[in-house]
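Please read these numbers as outputs of a predicted model, since none were measured by experiment.
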Amino acid sequence: MSNEKEVSEEDKVTQTNEVIQEVQGSVIIDDKVSETETTDHDSEEEISESVDYSNFSKSQLLTALKQLLETGRYLKIDSQIAEIKSHFEEIFHKEKDSALEEFTSNGGSPDDFEYRPSEEDRSLFAGLNEFREKKSEFLREQEKNKEKNLLAKNAILDRLRELVDGEETTHSINTIKHIQEEWKKIGSVPAAQNRNLWASFNALMDRFYDNRSIYFELKELDRKKNLEQKLEICEKAEALVDMEDLKDAIRILNDLHEEFKHMGPVPREEQENLWNRFKTASDAVYSRRKEFYDGQKESLKENLQKKEALIKKLEADSEYKGTKIKEWNSKTKEILALQKDWEAIGPVPRENGKEINKQFWGLFKHFFQNKNHFFKELDEIRHKNKIKAEELIAKAESLKENTDWQQTANQMISLQQEWKQIGPTPEKVRDELYQRFKLACDAFFENRRNSNKQVNKEFEQNLSAKEELIKKIKEEAKSNSVSESSLEGYISKFNSLGFVPRKNMKEILSKFNEAVDEYVKNLGFAGGEKDDFLFRLNLNKLQSDPNSNRVLNKKEHGIRKQITDLENNVTLWKNNIQFFASSKTADKLKNQFDEKIQKAESEIEKLKKKLTILKEF
């Protein structure tokens, strides 16, 4: 019996040693560590949000989005995805507004504008949609799993209660180990039940070890082993404060927190000191991160002040009301310069970023809305001007074959003046309209130039003929064969020869008058005959004037007016004579009036004779 008992005790020791080794590798939850779970997650979220995407290009944003999606950590990357989406939409809307501005500046109507996203835009939109769908699917699946995990962990707690309250056996340690492994593998549960589950599990585990003194030594050995491992974790955490790359240091610290949390309990007398050491090491890294961000605060504040100053400038121009395209284009350059200044400034404090961006881009967009409204009104004016231009083109085209050169030229010139007053027309048809109008005008004036070439040739021939005639008149004036009929014939022939070049008109007429005057001197006239001849001769000369009809009509009107004025004077004078009394003075005045009446009546007869001669022409 003694030997059997010995063997039984040896077997028990062997089993105990095996269980010690297994329990040392198991996961036992420490209350102190479980309390840090929320803090650890917050730290990881802060590090995730520390990336500044404000100066990323679309290509860089797309690369960052793809890298984040590959991690599959949809909750932890949610804030980064939101940052990427915000900056991408900002770039996308700026490019869209710039494209609209260029389109309207080139004469396009905002209603006709259609913006087509680039391949990068479509890839980014697709990536954001993919994230939303996978995140939603992940959350739904996670909630389902959490409910399943809750049921599973409650079932484990029931098993653990039975084990704690049951009879002590060597098999209990193996069962505890399996329960711990199952608990660890199950995963997360709904947050509302998480703390209670951990508290129940830890309490039951403590009861199990406390109620079983036979296994107390095993529990202490396990706690000492956990203590050694957690001390190593503390040393690693303490070394992170000197790591150059702060981002990597924070990432490693998060991993150490996760490892520390799942390491299992340590001896109770070491728990407080151990936790304080680990927390001190963590705080040192976090303080370094805080110093880094605090160092950036001043720079971020300066950037905020600069951007606020730009907003004030933009506020003054957001309600700009120009009346000319040049004015709008000039002001647009100023606004785009403000945009470049804005983009060059850099980030601002996160709490101000969204609001200040909203202010700036709201004012920026409002300016371009006003500009688009101006161009929309301008398009309506241009359309009306296009109708006016087409009407002038139709008139010009109807006149281009007309051969009434002077009148049509005046009409064409008038149309050209109207064209200058039309104002702007739609840019896409502006050149076409001008070319059509110019073509019609050029066609007429080219036809007139061709016609004038022939006319000028005839004028030159007329000039030569008139010079020959003048020469002949002068030669005959010096001879003794002068006669009235010959002179009249020369004058008639001079008038019948037609027009000469405009530049020679005054000169040839002056030469002709000199020749005629020289001829007249050698003619012998008496009394009124000479006056009548000279008057007739003068009329003959007038006929050579291009405006002879108008001049003759004017001369006739002047003679008739002279006759009327003289007749009125005669009537007045005759009436006045009747009132003179009989006296020497009155008789003298009466004789003076009689003499004036006779002269006036004689002049009236001469003027009437001139009218008779004038009717012959």
message: Asp158 vs Arg161, test: salt bridge (charged side-chain N to carboxylate O under 4.0 Å, His left out). Steps then yes/no.
response: CA-CA 5 Å; Asp158 291 338; Arg161 288 188 187 96; 3.0 Å; yes
message: For a side chain to side chain donor-acceptor pair (under 3.5 Å) check, start with the C-alpha distance between His373 and Gln369, then their side-chain angles and the critical distance, and finish with the verdict.
response: CA-CA 6 Å; His373 180 69; Gln369 285 175 341; over 6 Å; no
- prompt: Is there a side-chain contact (heavy atoms from CB on, under 4.5 Å) between Trp183 and Trp198 once you walk through the steps?
  reply: CA-CA 10 Å; Trp183 182 272; Trp198 279 108; 3.8 Å; yes
task: Test Tyr53 against Gln60 for side chain to side chain donor-acceptor pair (under 3.5 Å), laying out the working first.
output: CA-CA 9 Å; Tyr53 295 104; Gln60 291 173 321; over 6 Å; no
task: Before giving the answer on side-chain contact (heavy atoms from CB on, under 4.5 Å), spell out for Arg277 and Glu238 the whole-Å C-alpha distance, their side-chain angles and the decisive distance to 0.1 Å.
output: CA-CA 9 Å; Arg277 180 179 176 182; Glu238 288 166 346; 2.8 Å; yes
field: Check against side-chain contact (heavy atoms from CB on, under 4.5 Å), Gln180 and Phe201
entry: CA-CA 10 Å; Gln180 288 176 320; Phe201 184 79; 4.3 Å; yes
message: Walk me through whether Glu343 and Lys340 qualify under salt bridge (charged side-chain N to carboxylate O under 4.0 Å, His left out).
response: CA-CA 5 Å; Glu343 293 171 346; Lys340 288 183 178 179; over 6 Å; no
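Between atom CD of residue Gln359 and atom CG of residue Leu310 there is a gap of 12.0 Å, rounded to the nearest 0.5 Å. Between atom CD of residue Glu130 and atom CD of residue Glu133 there is a gap of 8.0 Å, rounded to the nearest 0.5 Å. Distance check, rounded to the nearest 0.5 Å: CD of Glu351 to CG of Leu300 gives 8.5 Å. In this structure, CG on Asn202 lies 13.5 Å from CZ on Arg207, to the nearest 0.5 angstrom. Separation of atoms CD1 (Ile250) and CE (Met243) is listed at 10.5 Å; rounding is to 0.5 Å. With rounding to the nearest 0.5 angstrom, the CD atom of Gln193 is 5.0 Å from the CG atom of Leu150.
Contact annotation: the side chain of Lys146 approaches that of Gln142 to within less than 4.5 Å [non-hydrogen atoms, C-beta and beyond]. Looking at heavy atoms from C-beta onward, Glu182 lies in side-chain contact with Arg159 at the 4.5 angstrom threshold. In this structure, Glu259 and Gln229 have side chains that are not in contact, with every pair of non-hydrogen atoms separated by 4.5 Å or more. Residues Asn357 and Trp342 have side chains in contact (heavy-atom distance under 4.5 Å, counting atoms from C-beta outward). Looking only at side-chain heavy atoms (C-beta outward), Leu336 and Gln339 come within less than 4.5 Å of each other. The shortest distance between side-chain heavy atoms of Leu65 and Phe88 does not fall below 4.5 Å. With a 4.5 Å cut-off on side-chain heavy atoms, Thr175 and Leu160 do not count as touching.
Arg430 places no side-chain N or O within 3.5 Å of a backbone atom of Pro424 that could act as its donor or acceptor partner. A donor-acceptor pair is defined here as one N or O able to donate and one able to accept, closer than 3.5 Å; such a pair exists between the side chain of Asn303 and the backbone of Pro347. No donor-acceptor distance shorter than 3.5 angstrom exists from the side chain of Ser86 to the backbone of Glu83, with no hydrogens or angles considered. Side-chain atoms of Thr71 do not come within 3.5 Å of backbone N or O of Gln67 as any donor-acceptor pair. Although no hydrogens or angles enter the test, the distance criterion places no donor-acceptor pair under 3.5 Å between the side chain of Arg223 and the main chain of Pro265. Judged purely by atom type and a 3.5 angstrom limit, Glu147 has no side-chain atom pairing as donor or acceptor with the backbone of Lys144. A donor-acceptor pair under 3.5 Å links the side-chain atoms of Asn149 to the main chain of Ile186, judged by distance alone.
Only one option out of Asn276, Val266, Leu227 pairs with Gln271 in a side chain to side chain contact (heavy atoms under 4.5 Å, CB included); it is Val266. The ring pair (Phe, Tyr, Trp, His ring centres under 6.0 Å) test with Trp328 is passed by exactly one of Phe368, Phe367, Phe375: Phe367. Of the candidates Lys85, His87, His93, Glu89 forms a side-chain hydrogen bond (donor to acceptor under 3.5 Å, both in side chains) with just one, namely Lys85.
Nearest heavy-atom pair across Gly353 and Val348 is CA-CG2, 3.6 Å. Taking each heavy atom of Asn385 and Gly423 in turn, the nearest pair found is ND2-C, 3.6 Å. Summarising the geometry of Thr425 relative to Ile422, their closest heavy-atom pair is CG2-CG2, 4.4 Å, with the distance given to 0.1 Å. Between Leu240 and Arg288, the closest heavy-atom pair is O-NH1, 3.8 Å. Scanning both residues, Gly127 and Leu69, for their nearest heavy atoms gives O-CD1, 3.8 Å. Taking each heavy atom of Ala281 and Cys234 in turn, the nearest pair found is CB-O, 4.4 Å.
Within a 6.0 Å sphere centred on CZ of Phe125, heavy atoms belonging to other residues, nucleotides or ligands number more than 12. For Lys94, the NZ atom is densely surrounded, since the number of other residues' heavy atoms within 6.0 Å is greater than 12. A 6.0 Å sphere centred on CD of Glu315 holds more than 12 heavy atoms belonging to other residues, nucleotides or ligands. Within a 6.0 Å radius of NZ in Lys96, other residues, nucleotides and ligands contribute 12 heavy atoms or fewer.
Salt bridge Asp206/Arg268: present, at least one basic N to carboxylate O contact under 4.0 Å. Residues Lys331 and Glu334 are paired through a salt bridge, judged by an N-O separation under 4.0 Å between the basic side chain and the carboxylate.
Using a 30° and 60° split on the angle between ring planes, Phe278 and Phe260 fall in the parallel class, below 30°. Using bins of under 30°, 30° to 60° and over 60° for the plane-to-plane angle, the ring pair His257/Tyr286 lands in the parallel bin. Ring geometry for Trp361 against Phe364 counts as perpendicular: the plane angle is over 60°, on a 0 to 90° scale with 30° as the lower cut.
Ser118 and Asp121 share a side-chain donor-acceptor pair at under 3.5 Å. Between the side chains of Thr104 and Lys371, not a single donor N or O lies within less than 3.5 Å of an accepting N or O.
The cationic atom of Lys230 (NZ for Lys, CZ for Arg) does not lie both less than 6.0 Å from the six-membered ring centre of Trp275 and within 45° of the ring axis.
Taking the six-membered ring for Trp and the full ring otherwise, Phe374 and Tyr320 have centroids separated by 6.0 Å or more.
For Glu269, there are no side chain to side chain donor-acceptor pair (under 3.5 Å) partners two or more places apart in sequence or in a different chain. Applying the side chain to side chain donor-acceptor pair (under 3.5 Å) test to Glu319 and every residue at least two apart in sequence or in another chain returns His366. Judged as a side chain to side chain contact (heavy atoms under 4.5 Å, CB included), and not counting sequence neighbours, the contacts of Ile91 are Lys58, Leu61, Glu95.
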